[in-house]
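Read through the structure below, which is laid out as structure tokens, and then see the notes.
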Amino acid sequence: MGWPSQSPDLNPIEHLWEELERRCANKRAKNCNEKFAQLLSEWNQIPMSTIDTLLNSMQRRCQAVIDARGFATKY
């Protein structure tokens, strides 16, 4: 399948980055080591069910991109 150049719809890691950003939004760090520790801690707390949901949605996402002919979708 050709990959549309602007297609975050087909990249589940983008949605995981958003989840990590939400989880860390109210956390402040004094230095980069502390921030890394916060990010790592939150990353490890993302439930596997969240990842499974994203992976299981890929067929639906691919179809939505095909139906939209590569243009934006609701994802």
*Joint hydrophobic cluster, Met48 plus Trp17, side-chain heavy atoms closer than 4.5 Å*: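 They do share one cluster, since a chain of ILVMFWY contacts under 4.5 Å joins Met48 to Trp17.
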Can you tell me how far [atom2] of [Y] sits from [atom1] of [X], rounded to the nearest 0.5 angstrom?
{"X": "Asn33", "Y": "Lys35", "atom1": "CG", "atom2": "NZ", "value": "13.0 Å"}
{"X": "Glu42", "Y": "Cys24", "atom1": "CD", "atom2": "SG", "value": "5.0 Å"}
{"X": "Leu16", "Y": "Glu21", "atom1": "CG", "atom2": "CD", "value": "13.0 Å"}
{"X": "Glu34", "Y": "Asn31", "atom1": "CD", "atom2": "CG", "value": "5.5 Å"}
{"X": "Leu54", "Y": "Glu14", "atom1": "CG", "atom2": "CD", "value": "11.5 Å"}
{"X": "Leu39", "Y": "Lys27", "atom1": "CG", "atom2": "NZ", "value": "9.5 Å"}

*Nearest heavy-atom neighbours spanning Leu20 and Trp43*: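 Smallest interatomic distance, heavy atoms only, reads CD1-N, 3.7 Å.
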_Within the structure provided, determine whether Arg61 and His15 are in side-chain contact (heavy-atom separation under 4.5 Å)._
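Arg61 reaches His15 side chain to side chain.
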*Test item: Leu55 and Ile51 side chains (from C-beta on) under 4.5 Å apart, heavy atoms*: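 The answer is yes, as the side chains (C-beta and beyond) meet within the 4.5 Å cut-off.
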*Residues forming a side-chain contact (heavy atoms from CB on, under 4.5 Å) with Ala37, sequence neighbours excluded*: none
*Within a reach of under 6.0 Å around CD of Gln45, are more than 12 heavy atoms found that belong to other residues, nucleotides or ligands?*
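Enclosed: over 12 neighbouring heavy atoms sit under 6.0 Å from CD of Gln45.
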_Tell me if a side-chain donor or acceptor on Glu19 pairs with a main-chain N or O of Ile46 at a distance below 3.5 Å._
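No, because the side chain of Glu19 does not come within donor-acceptor range (under 3.5 Å) of the backbone of Ile46.
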